[in-house]
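One structure is given below, encoded as structure tokens.
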Amino acid sequence: MTSRVLRMLPTAYLYALDVATAVLLVLVYLDFARLNHVPPWLGYPVAVLVGAPLALRRKRPLLTLGIVLTAQNVATITHITLEPYSATAFAMYMVASACSQRVAVGALAAALGSAWVVVLFSEEWPESGGLCVFLALVVCAAWALGRTTRFRRSHEAREAAEASAKAVAEERMRIARELHDVVAHSLSLITVKAGVAAHVAPTQPEQAQEALEVIERASRGTLVEMRRLLGVLRSEDEEAELAPMPGMGDLPELVKRASLAGVDVSLSVSGELPDGLGLTVYRIVQESVTNVVKHAAPAACEVSIVVGDASVEVRVVDDGPGERVLAGRRGGHGLIGMRERVAVYGGTFSAGPLAGGGFAVRAEVPLS
């Protein structure tokens, strides 16, 4: 409610300005009529028609210009006043700023043409010539100011549209990365457990059944998260209720799923993080553990997250075959995605095989 009121304040101010200008011009033209001894039956209606329509110039700019211009032409012919069509200029500004170029140019030509004919018919030369030049300067200046305003608003609207399109594209890229992380992690787990189930089914049906249950839970969880992410792309409702993104509190469940795939993961977390950074840390750990499941299982993996005063450090170290893990990653996007996430916050990222075997991923992300 408050934001709506704030948005209405500039519009109300502009309408108030138009009303004040309309009242002022009506009073001025009434004075002109009295000073030049014009009959009230003529002077009063002309004064009202010169000024009053300007109060609605933002609603009906062309109609306002037509009425005001006609009234000022009558005022010139009847010698109420010879002022240089200031009311017409005031109406012309709105036509130039609100209408298309063809309409604006046509309105300018019609206004100048009719005013010049009236002035030249009503006054002696050279007074009429000087007045024509003066009113042309006034009306053309208002027209040029209106066109400039229109061009500026059009440019600002294009910039806003481009910024909005860029924001949408960036959000879609973020969602694509989220989908990659979700699908890669779950499919890796499903692939490993499916292989286990196929291998032990003839001799150990209990373990095969356990593997199938893990596959079912992983696939259901993946489908839920995929529907939520894809729903963001399809939804046009800003009030749509969305499930919260994963964060630090979801790491134990992630570790549990990896353990079911044959990777013994130990988790150590020190400190708390805001939601946005917590999601980044979660995805780094998820991608790192997923690669351990894909390329090093069965293996042991240690996940350490330390939140300091200025940054958070994430370390994921496994004891699998480091060279084989690195080779398996060369064609993928896991390391690239993690590096991009860290780069968003201006942090540092490194990953590679250890000298004594295994593979280590390290990321340090500033808190500010």
Side-chain angles (χ1 to χ4, degrees), residues 7-29 32 45-78 80-123 128-165:
R7 287 196 300 268
M8 291 173 61
L9 287 177
T11 303
Y13 166 78
L14 294 174
Y15 276 106
L17 177 63
D18 291 345
V19 171
T21 303
V23 172
L24 177 63
L25 284 172
V26 169
L27 296 176
V28 168
Y29 266 74
F32 285 152
V46 169
V48 171
L49 291 176
V50 167
L54 295 175
L56 300 176
R57 66 173 186 148
R58 298 180 189 276
K59 292 288 187 180
R60 303 294 295 273
L62 278 176
L63 179 61
T64 299
L65 176 63
I67 296 174
V68 171
L69 176 62
T70 302
Q72 286 208 283
N73 285 336
V74 173
T76 301
I77 293 174
T78 56
I80 293 178
T81 180
L82 291 178
E83 67 94 11
Y85 285 68
S86 58
T88 298
F90 196 66
M92 182 64 72
Y93 167 84
M94 187 54 60
V95 171
S97 64
C99 299
S100 65
Q101 182 173 353
R102 184 176 64 179
V103 174
V105 171
L108 177 64
L112 290 180
S114 64
W116 284 342
V117 169
V118 169
V119 170
L120 292 173
F121 175 78
S122 303
E123 298 298 321
S128 60
L131 184 59
C132 285
V133 172
F134 192 34
L135 75 86
L137 291 175
V138 173
V139 174
C140 288
W143 186 89
L145 183 60
R147 295 308 295 173
T148 301
T149 302
R150 181 178 176 86
F151 292 149
R152 176 178 57 81
R153 290 172 180 170
S154 177
H155 178 69
E156 291 175 351
R158 284 196 301 270
E159 286 186 339
E162 291 173 359
S164 177

Would you name the heavy atoms of Thr64 and Pro53 that are closest together and state the gap between them?
-> CG2-O, 3.3 Å
What heavy-atom pair brings Val68 and Leu54 nearest, and what distance separates the two atoms?
-> CG2-CD2, 3.9 Å
Residues Ala87 and Leu25: closest non-hydrogen pair is CB-CD1, 3.7 Å
Step through the shown structure and confirm whether more than 12 heavy atoms of other residues, nucleotides or ligands are within 6.0 Å of CZ on Arg60.
-> no
Do Val118 and Tyr85 come close enough that some side-chain heavy atom pair is under 4.5 Å?
-> yes
If you look at every heavy atom in Trp116 and Ala136, which pair is closest and at what distance?
-> CZ2-CB, 3.7 Å
Once you round to the nearest 0.5 Å, how far does CG of Leu120 lie from OG1 of Thr76?
-> 11.5 Å
Look at atom CD of Gln101 and say whether more than 12 heavy atoms of other residues, nucleotides or ligands are closer to it than 6.0 Å.
-> no
Carefully, step by step, assess Leu49 and Thr70 under the rule side-chain contact (heavy atoms from CB on, under 4.5 Å).
-> CA-CA 9 Å; Leu49 291 176; Thr70 302; over 6 Å; no
Check: Leu65 main-chain N/O paired with Arg57 side-chain donor or acceptor under 3.5 Å = no
CG on Leu14 to CE on Met94, rounded to 0.5 Å = 7.5 Å
For residues Val95 and Pro61, report the shortest heavy-atom separation together with the two atoms involved.
-> CG2-O, 3.5 Å
What distance separates Ile67 CD1 from Leu62 CG, expressed to the nearest 0.5 Å?
-> 11.5 Å
Arg158 bridged to Glu162 by N-O distance under 4.0 Å = no
Is Trp143 reaching over with its side chain to a backbone N or O of Met92, donor-acceptor style, under 3.5 angstrom?
-> no
Any idea which heavy atoms bring Ala55 and Ala22 closest together, and the distance?
-> N-CB, 3.9 Å
Step by step, work out the side-chain contact (heavy atoms from CB on, under 4.5 Å) result for Ile80 and Val46.
-> CA-CA 9 Å; Ile80 293 178; Val46 169; 3.9 Å; yes
How long is the span from the OG atom in Ser97 to the CZ atom in Arg58, to the nearest 0.5 Å?
-> 7.5 Å
Distance from Cys140 atom SG to Leu145 atom CG, nearest 0.5 Å?
-> 12.5 Å
CZ/Arg150 to OG/Ser100 distance, rounded to the nearest 0.5 angstrom?
-> 6.5 Å
Would you please test Thr88 and Val50 for side-chain contact (heavy atoms from CB on, under 4.5 Å) and show each step?
-> CA-CA 8 Å; Thr88 298; Val50 167; over 6 Å; no
